[in-house]
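Okay, structure first, notes after.
By convention in this document, chain letters (A, B, ...) are assigned in the order of the sequence lines, proteins followed by strands, and residues within each chain are numbered from 1. In what follows, every heavy atom counts, from backbone to side chain, and hydrogens, waters and symmetry copies are set aside.
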Amino acid sequence: MELGFYFFMKELPKAYSPQNYESGIYKQWEDSGFFNPDNLNYQGEPFSISMPPPNATGILHLGHAVMLAIQDLMSRYWRLRGRRTLWLPGEDHAAIATQNVVEKKLYKEEGKNRFDYGREEFMHRVNEFVNNSRSTIKDQIKAMGASCDWSRERYTLDEGLSRAVKEAFIRMYNDGLIYRGKRIVNWCYRCGTTLADDEVEYKEQKTPFYYLKYGPIIIGTARPETKVLDKVIIVHPDDERYKKYIGTSFDVPWIDGIVRAQVVADKIAKIETGTGAMTITPAHSFVDFELAQKYGFEIVEIIGPDGKMTQNAGKFAGLNVKEARVAILEELQNKGLVERIDNDYIHNLSVCYRCGTAVEPLPSEQWFVAVDKPFRRRFFKKITLKKMALAAVKEERIKIIPERFIKVYEHWMNNLHDWCISRQIWFGHRIPAWQCQDCKEWQVIASRPTKIIFSRHGLTDWNKKERIQGDTNIPLDESEIELIYKKAYELKNNDIQVIISSPLMRARQTANIFAEVIKAPIIVEKRIKERYYGTFEGKLVAELKQDHPDYYKNKLSYHVAEAESYQQIKQRLIPWLSEVVIKFQGQKVLIVTHNAIMRTLKWMIEGGTEKELSEFKPRFDEPLQYELIGSCKKCGSWRMKQDEDTLDTWFSSSLWTFSTLGWPGKTKDLSTYHPTSVMETGYDILFFWVARMILMSAYCLGDIPFRTVYLHGLVRDKQGRKMSKSLGNGIDPIEMIGKYGADALRLSMIIGVTPGNDFRLYDEKIAGYRNFVNKLWNIVRFANLTTELKVMEVPPEPKTLADKWILSRFSKVADLVTKKIESYSFSEAGETLYDFTWHELADWYLEITKIEGRKQEILSYLISQLLKLWHPFMPFVTEALWQETFGNQAGLLIVQLWPKNLPAIDNKSEIEFTSVQDIIISLRNYRAEIKLDKKIKVKFCLVGKILNKNEEMIISDLRTGAEYDSSIAEKYSKKVDFKDFNLLIS
RNA sequence: GGGCGCUUAGCUCAGUUGGUUAGAGCGUCUGCUUUACACGCAGAAGGUCUGGGGUUCGAGUCCCUAAGCGCCCACCA
């Protein structure tokens, strides 16, 4: 009779093997397209997360694994809740870090440094390397089960982001918030670049501390090599010891001869510190630099950017810092100027956060972001960047979890100095600034690698227009103007920065219309015959004339436009007008001119021969190889040179939340998904990244980049040590996934972990969660063996006490889990579910199922709903079980809807069931206590409580080895007191 | 020099706004081929919540204070 029934039952393998499922399931998800919210027909509020982009060179480490686990949890949860969920992935080019990696690799393999290769070749090598590692890290992100939308994947160096970077830079420059100035900066010799203040780390170091006789005054220093030219002594105005010297000056026998020293009083000198007197070195100390500016002291560099003493250091010139220190000390000793040496001095050595080399403060001309400079925004009062960024958090537009980081953020922001954003490395966004080599004027303009677009859109309309023969000096008529406006609006979002127009009337008129709509300046070139050498096009033409006199003479007219080989262009462009967007001096330029000039330009640019030109077929998608050089706005010189430097990597990442969604420009993605819902990242990059995103978003959009910041802690090893390559204690997440499965790894980083607190991770912990994953597997396996399961969305009618209990419990658990997830208490949510699944559902309810028989509906309901609740935590096993159990018709678990019709809460049944549990536990205890042989049955009865048949059956069958016997009341051997009744056992 | 965090069972950690008897996992001990799972089942032992003081009817939780550990920030020459 049961045969037909058995036929439906599924038998799953005894243990869950993640390796057999994970990659296949990920592929199914990817193929389904559901990671992309456009493919979800959800109308609800959007939910979006910008994935903190891992370094493009890196391999996945546990820090990434944590962020992926948490972000995927949120993404999957909200997707199940029916929100349009976008989790946007990407990679960071990580300028210095990446360049260092590649430099090291190349030096090891080929023994050359980056200068041996040259910029172009070196960049080629870096990009090659990055392309490889980018795909590695992507595969690893996928292995974690991350449900991010790969169709929107971005890279900080891709075209769109580069555009955003330039846009931000230019806007800030125009607002006076980016300036170039000579200031003291942190300089790393090894990396050969500046660093931002927060890119400098401090290491405590025991250094000898020298007390030196500087004339009548003793000064202390840990760095005698910087003291060569010191000639100002600072003392506190109230310091009795030195009062008599204040304002005086005198000759001092010093390192390199006699110096004229003066004594200045300033409260910055602390009476208690050292000897109370200090000499200052304006060029190599931030404090001294400020003092020097305050009092107008001379700033002399004695250490150069190469780490060697400069010519100013006299006979020590050319020595590196270490050598100089030795030599100078020797000199001081010889002259008897060393008073004493303290060898136990603890010095805070500043080192580069990327390579650990000592960082030297030195004056240098760099680009800075002015964080304290008031500027006026449209419709707003004057405000500073710093104030904007502070207000966002102060006004609780941005919530930070855990809250204590609000104070940390505010403190950092309040003390932020102008941000040095230029780096002397090659890998990164080149600064969009050009300097005139003649008058030294800087010009800041947008650029990006551009393709010739030849107006590929809307050309049909243009083709309708009859060709106007000959005269280009006829003004445009109304219908033409209309067409040109139309064209202009098409080109509007194309990031065109400059329009170059031929001087001919129609072209100029057209250019004016473009300029009006696109809001870009026009450069009107003179007539060809009037061109002069000073402009670039003039130069081009002149060269052309010289090198190809025949061609120039005969072909540079619109007759060329009629040549047969030119047919294709002719078909695509209005005859008297070519509009072409090219990369011009690095900026995107729209050229409005007539065909002949355009063709000539293209020909020049591509370096074609005359023969090739005659056979020329326009190619529409190839980027131009040539950068046109524009002329200086101030002096007209064409000798413009782009700044060699690149931008701080954090400059581009600070735009990440919106640059990835299409900014600049008003894209649908930007308006839909920004501000993003949550920024989830480690607290260690609160300053580097989170703070800067708030700052830049406030500036660029006048908006917050995210509503909530969730900061997770750092992963440590079993001993609580930071994981590091040198210690070799790093756990490879990929290895752990192979060993225990991605789900287990994810659980181990979510349960028992609280935001902002570091936590330890080790094999046994992951193995524990692997066990749990397998438990869930077996719960479903068991259910499948006993009955035929189906997806049930509406809670079934409970029949027995156990049914009522488990449904009521499930209801409470589902509700609590929902609340906990929404309040970012992921650990508690997971713990609650874990406990319910294992210790209520499996330990009690499934055991009772074995007694009470088939539970098709209740198990169907519980399992289908429980898999949803677990899915954000462990997507693979839940999806595997869902599909194994419910088959294809049920669809993918990833797009089911979160349980909403929860069973009724039944507190009365819960209490009743709890007392049944208590009785069972007492009976089991009793057996265990007296070590009763399992074959021996005990008898029990109750005083003050009446059991029904069902309860009696459960109690006796649930491995208590007990049977109900009311007659034992007189001769019981153990009595257990409960609140309302007693249990008697015999 | 400022600021912050941590100190809860042998180990690793939870404990939301103060509320019955302080929880989990691992480990330990005892016993189990039980219609799923030994990656398992049934039990057990183990905590004066770092010390001291205070507020309160009531404190792991709030306040003060001391100590140890750790982190972040800072211009000690």
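- Judged as a salt bridge (charged side-chain N to carboxylate O under 4.0 Å, His left out), and not counting sequence neighbours, A:Asp684 has no contacts.
- Taking side-chain N and O atoms only, A:Trp838 has a distance below 4.0 Å to OP1 or OP2 of B:C41.
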Find every protein N or O atom lying less than 3.5 Å from an N or O atom of nucleotides 72-75 of chain B, and list the pairs.
from, atom 1, to, atom 2, distance (Å)
B:A74, N6, A:Asn348, ND2, 2.8

Could you tabulate the donor-acceptor pairs under 3.5 Å formed by side-chain atoms of residues 262-269 of chain A, not counting sequence neighbours?
from, atom 1, to, atom 2, distance (Å)
A:Asp266, OD1, A:Ile268, N, 2.8
A:Asp266, OD2, A:Lys294, NZ, 2.8
A:Asp266, OD2, A:Tyr295, OH, 2.4

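- When the P atom is compared between B:C29 and B:G18, the two are found 42 Å apart, to the nearest whole Å.
- The distance from atom CD1 of A:Ile779 to atom P of B:A36 is 14 Å, rounded to the nearest whole Å.
- Among residues two or more places apart in sequence or in another chain, the side chain to side chain donor-acceptor pair (under 3.5 Å) test is passed with A:Trp882 by none.
- With hydrogens and angles left out, the side chain of A:Lys270 and the base of B:C76 share no donor-acceptor pair within 3.5 Å.
- Between the side chain of A:Glu828 and the base of B:A24, no donor-acceptor pair under 3.5 Å is found.
- Residue-level contact check: A:Glu929 touches neither bases nor backbone, having no heavy atom under 4.0 Å from any strand.
- The side-chain contact (heavy atoms from CB on, under 4.5 Å) test applied to A:Asp198 returns A:Ala196, A:Trp412, A:Phe687, A:Phe688, A:Arg692, not counting sequence neighbours.
- Among the heavy atoms of the strands, none lies under 4.0 Å from A:Tyr16.
- Remark: A:Arg223 engages A:Glu360 in a salt bridge, criterion side-chain N to carboxylate O under 4.0 Å.
- Here A:Ala783 lies out of heavy-atom contact (under 4.0 Å) with every strand.
- With sequence neighbours excluded, the residues satisfying salt bridge (charged side-chain N to carboxylate O under 4.0 Å, His left out) with A:Glu764 are A:Lys718.
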